[in-house]
Chemist: 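This is the structure I have questions about; it appears just below.
FYI, the numbering just counts along the sequence from 1. Values in this document were obtained by computation on a predicted structure and should not be read as measured data. As the structure lists them, so they are numbered: ligands from 1, and atoms in each ligand from 1.
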Amino acid sequence: MTQIAEKTEVLIVGAGPTGLTLGALLKQRGVDVTIVDKAAEMARTSRAAVIHARTLEQLHEVGVNAELLRRGLVVPRFTVREDDRALITIDFDDLPTEHPYTLMLSQDQTETVLRERLAELGGEVHQSREVANLAQDADGATATLSDGSVIRADYVVGADGMHSVVRESAGIGFTGAAYEESFVLADVTLDWELSQPEVMLYFAPAGLVVIAPLPGGRHRIVATVEEAPESPDLGFVQAILDERGPKKRPAKVTEVVWSSRFRVHHRLADSYRQGRVFIAGDAAHVHSPAGGQGMNTGIQDAVALAGRLADVLRGGAAVETLDRYESERRPVAAMVVHLTDRLTALATVHGPVRRRARNALLWVLDHVPAVGRKLAMNLSGLAIDNAATARPAVEMVVA
Ligand SMILES: Cc1cc2nc3c(=O)[nH]c(=O)nc-3n(C[C@H](O)[C@H](O)[C@H](O)COP(=O)(O)OP(=O)(O)OC[C@H]3O[C@@H](n4cnc5c(N)ncnc54)[C@H](O)[C@@H]3O)c2cc1C
């Protein structure tokens with residue numbers, strides 16, 4: 001028996017931050033959208049915890065900023081440290097934006113706020129619906145779900161994460177490799193005199209550890225390790241902080257609220273579009289969590305793509321407008337993959353001589369205001385509008 005297809009203008013596969021942002025913006029522009037996610041319910045884990053200035057600027061359009069700011073914690077500064085010494089300080093507080101800071105908020109909270117906005121706009125996520133296959137023709141695309149149901153759409157967007165079925169069905173390559181190290185993540189409570197509204201990246205011979213404040217008095221710990229346990233416990237996290245963190249005023253972990261490990265790849269999709277199928281977010285690019293860029297880049301992809309699709313479907317723009325999505329966004333992801341790769345390499349320099357040289361260079365660069373500003377522009381995403389100037393600051397530090 002032939003299955004009768006549901007029909008929609010835009011099918012969004014995946015309801016992470018990328019799919020939710022896209023869905024809300026398309027609903028806002030009056031586009032008929034169907035959002036499916038294979039998970040039975042939304043993920044309730046912390047994951048990405050940083051929202052940068054450019055993302056906040058763009059989320060104005062979605063109408064979620066007030067709620068994100070109410071829930072999040074404003075942090076105006078990143079520092080790179082070794083032991084008790086700050087090697088370089090990156091200040092966000094004089095950036096040319098109405099959000100001169102990073103906002104710390106766990107990903108499940110960000111997703112909750114986006115979902116609530118989507119619901120206000122009359123949208124919803126269809127949970128437990130997994131896209132198994134995709135085919136397209138001149139007039140549209142047809143998605144077959146694992147329960148055998150079929151959805152016919154004018155356009156399909158794969159916001160289905162790193163292992164994207166949409167990307168694979170469209171035959172788009174995902175070029176890159178995996179990092180050797182794993183990353184440990186833990187949201188903890190600390191007994192720590194040095195606690196302040198600052199993200200601290202500690203460089204140490206054994207590897208990187210990041211200590212970042214979160215709302216509610218918690219801290220996010222991120223560290224590179226050779227092999228991480230599945231759920232790093234208090235003793236494991238404490239040992240990392242003792243070895244790599246502050247020495248004079250050490251941080252004592254009093255509770256691990258959530259912990260995880262993940263292996264990171266640096267990969268970029270060979271293209272962002274195949275006919276009527278687009279990819280966005282982790283489906284299109286993955287990279288090191290250094291600098292907290294992943295979710296931000298995905299949300300910005302969604303904003304760009306929503307604008308193009310709505311212009312074509314509602315604004316009478318020519319279909320060629322859609323080509324601009326890839327030409328705008330793929331170079332940005334290439335830059336982010338490069339930036340985070342360089343930052344990771346910088347943090348994990350091996351050998352005492354090279355480490356001393358790196359620290360001396362960072363110390364010198366810390367006294368050149370233009371370098372700190374360029375790093376702040378890069379990390380905040382504000383350099384994106386001028387991508388040509390975005391790379392040199394990183395090259396100067398890492399070369
Ligand atoms: C453990 C962990 C820790 C992380 N920590 C950080 C961090 O510290 N900093 C940082 O910047 N980033 C971090 N990240 C990465 C960050 O979470 C991602 O960059 C972000 O979630 C990307 O959003 P997305 O919407 O593109 O994809 P995702 O959040 O991956 O969402 C994809 C969605 O698609 C759904 N889906 C997948 N396949 C299908 C299918 N076939 N059919 C239907 N639905 C499907 C999934 O269920 C999921 O809901 C972390 C990721 C993990 C897993």
Chemist: Any protein N or O within less than 3.5 Å of an N or O in ligand 1? List each pair with its distance, or say none.
Modeler:
from, atom 1, to, atom 2, distance (Å)
ligand 1, 8 (O), R220, NH1, 3.4
ligand 1, 11 (O), G294, N, 3.3
ligand 1, 17 (O), Q107, OE1, 2.8
ligand 1, 19 (O), D282, OD1, 2.8
ligand 1, 19 (O), D282, OD2, 3.3
ligand 1, 21 (O), Q107, NE2, 2.8
ligand 1, 25 (O), P17, N, 3.3
ligand 1, 25 (O), T18, N, 3.0
ligand 1, 25 (O), T18, OG1, 3.2
ligand 1, 26 (O), T18, OG1, 2.8
ligand 1, 26 (O), D282, N, 3.0
ligand 1, 41 (N), V131, O, 3.1
ligand 1, 42 (N), V131, N, 3.0
ligand 1, 44 (N), K38, N, 3.0
ligand 1, 47 (O), D37, OD1, 2.7
ligand 1, 49 (O), D37, OD1, 3.4
ligand 1, 49 (O), D37, OD2, 2.6

Chemist: Can you list everything that forms a side-chain contact (heavy atoms from CB on, under 4.5 Å) with D108? Sequence neighbours excluded, please.
Modeler: M42, S106

Chemist: Show your reasoning for whether side-chain contact (heavy atoms from CB on, under 4.5 Å) applies to I211 and L241.
Modeler: CA-CA 9 Å; I211 310 178; L241 289 180; 3.7 Å; yes

Chemist: If every non-hydrogen atom of A15 is compared with every non-hydrogen atom of V125, which pair is closest and at what distance?
Modeler: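 Residues A15 and V125, closest heavy atoms: CB-CG1, 3.6 Å.
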
Chemist: According to side-chain contact (heavy atoms from CB on, under 4.5 Å), who are the partners of V353, at least two apart in sequence or on a separate chain?
Modeler: R356

Chemist: Just to verify, what does R261 make a side-chain contact (heavy atoms from CB on, under 4.5 Å) with, not counting sequence neighbours?
Modeler: A228, E230

Chemist: Looking at R276 and D154, does any basic side-chain N land under 4.0 Å from a carboxylate oxygen?
Modeler: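 No salt bridge links R276 with D154.
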
